[in-house]
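Each chain gets a letter, A, B and so on, in the order the sequences are listed, and its residues count up from 1. Just so it is clear, the model here is predicted, and its values are computed rather than measured.
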Amino acid sequence: MPELPEVETIIRDLKPSVIGQEIKSLKIFDGSNRLFLKNNLSFFHKYLIGQTIRDINRHGKYIIFCLSSLSNFVVHLRMTGSFTILHTNAPVVPYEKLRINFCTNLSMSLIDIRKFATIDISNDANFLVSKLGPDAISRGFNAKFLQSKFIKRNSSVKSALLDQKIAAGVGNIYADEACWAANINPLSRASLLNLDQIELLCKSIKLVLRESISNRGTTINNYKDVLGNSGYHQTRVAVYGRLDKPCFKCKTKISKIKVVGRATYFCPKCQKN
DNA sequence: CTTATTCCCTGATTGC
DNA sequence: TGCAATCAGGGAATAA
């Protein structure tokens, strides 16, 4: 499932093929699903046809295509969404949801097995800022900010880290990895962490995310990049998916529990509090 | 305001 | 071997 490092890898791969391309036409498949929760097909036609994609940015897990009109085409891949670049006359790909045809012979396709991905248009360049906290690898996400959020947070650290208003882009895998790196129990009350712990956790979040970006993301369930290749970071993962395997620091078997409905892995010895 | 739970969806895996 | 139950989880909606 794409989290921040996977989304970052995807936009880096898309940029050379997509920036500067003018949108000639688009086709949306299986139009009755949630992709159209708020808008219909003619809405997307109106805002996309004739536009040139000027840049591709990211805030947390949201992909932001900046259009020449200054509107933004915003995509969230959720669990199983992925992009691919293909020729305009290529046949429909299984689970294809959206194809954007450029004026060249190239197209950009959104593929999504589980149909959770969302697409939207925004005319407000900052609309995601009010909806999300700072991006987890940006300067705005720092120990001071994290402390200001944690101090009034009664829930577990794990639950807080999954809150996109606190750390935009952190998902289930990297929340666990960061807690392990910082020796923090995912069940600890966020409000009870001391400043040293918060500083270490903040650094750990940035570190695990940056390391994963340099490894082109983690392929554990089904993430694939724009070329359909897996990432490499799954070989570096310390706890996620490593139930009963030895902790890399102390050899204790990794535990698995459920926290706010999410599988959560940790070392019961290294992460006591 | 907060925090927890349910739901959406489908392929892979597990259990009997 | 076969089929049903479970699991995977981001975020919207809902409940408390």
Would you say A:S69 and A:Y47 are linked by a side-chain donor-acceptor pair, where the criterion is simply a distance under 3.5 Å? no
Could you work out which one of C:dA8, B:dT3, C:dG11 sits closest to the side chain of A:Q164? C:dG11
Can you check the A:I173 CD1 to C:dG10 P distance for me, whole Å? 8 Å
Separation of A:L77 atom CG from C:dA8 atom P, in whole Å? 21 Å
From CE of A:M1 across to P of C:dC7 the rounded distance in Å is 15 Å
To the nearest Å, how far apart are A:F150 CZ and B:dT2 C1'? 16 Å
Could you check whether A:N222 gets within reach of a base, just the sugar-phosphate, or nothing at all, counting any heavy atom under 4.0 Å? nothing
To the nearest Å, give me how far apart OH (A:Y95) and C1' (B:dC9) are. 11 Å
Nearest to the A:Y265 side chain among B:dA4, C:dA8, C:dG11, which nucleotide is it? C:dA8
Side chain of A:Y62 (C-beta onward), nearest among C:dA12, C:dA8, B:dG11: C:dA12
Result for 5'-nearest mapping on DNA chain B, choosing between A:K152 and A:M79, is A:K152
Tell me which pairs pass side-chain hydrogen bond (donor to acceptor under 3.5 Å, both in side chains) where either residue lies in residues 189-203 of chain A, with sequence neighbours left out. none
As a test of reading the structure: which of C:dG11, B:dT3, C:dA8 is closest to the side chain of A:N154, going by heavy atoms? B:dT3
Does any pair with a residue in residues 235-261 of chain A pass ring-ring contact (aromatic ring centres under 6.0 Å, His included), and if so which ones, sequence neighbours excluded? A:Y240-A:Y265
Using a cut-off of 4.0 Å on non-hydrogen atoms, how would the nucleic acid contact of A:Y223 be classed: base, sugar-phosphate, or nothing? nothing
Is it the case that C:dG10 (base atoms only) and A:R262 (side chain only) share a donor and an acceptor within less than 3.5 Å, ignoring hydrogens and angles? yes
Could you tell me how far apart A:K149 (NZ) and B:dC1 (C1') are, to the nearest whole angstrom? 13 Å
Taking the side chain of A:S155 as heavy atoms from C-beta outward, which of B:dA4, C:dG10, B:dC9 is closest to it? B:dA4
Determine the contact category for A:K258: base if any of its heavy atoms lies under 4.0 Å from a base atom, sugar-phosphate if only primed atoms, P, OP1 or OP2 are that close, otherwise nothing. sugar-phosphate
Can you tell me if A:T9 uses its side chain to pair, donor with acceptor, with the backbone of A:P5 under 3.5 Å? yes
Gap between atoms CD1 and P, on A:I257 and C:dA8 respectively (whole Å): 13 Å
Phosphate OP1/OP2 of C:dG10 contacted by A:H76 side-chain N/O (<4.0 Å): no
Nearest to the side chain of A:Y240 - B:dA4, C:dA8, C:dA12? C:dA8
N or O in side chain of A:K97 less than 4.0 angstrom from B:dC9 OP1/OP2: no
Please report, rounded to the nearest Å, how far the P atom of B:dG11 is from the CZ atom of A:R114. 10 Å
Let me know which of A:I64, A:V75, A:L14 forms a side chain to side chain contact (heavy atoms under 4.5 Å, CB included) with A:I56. A:L14
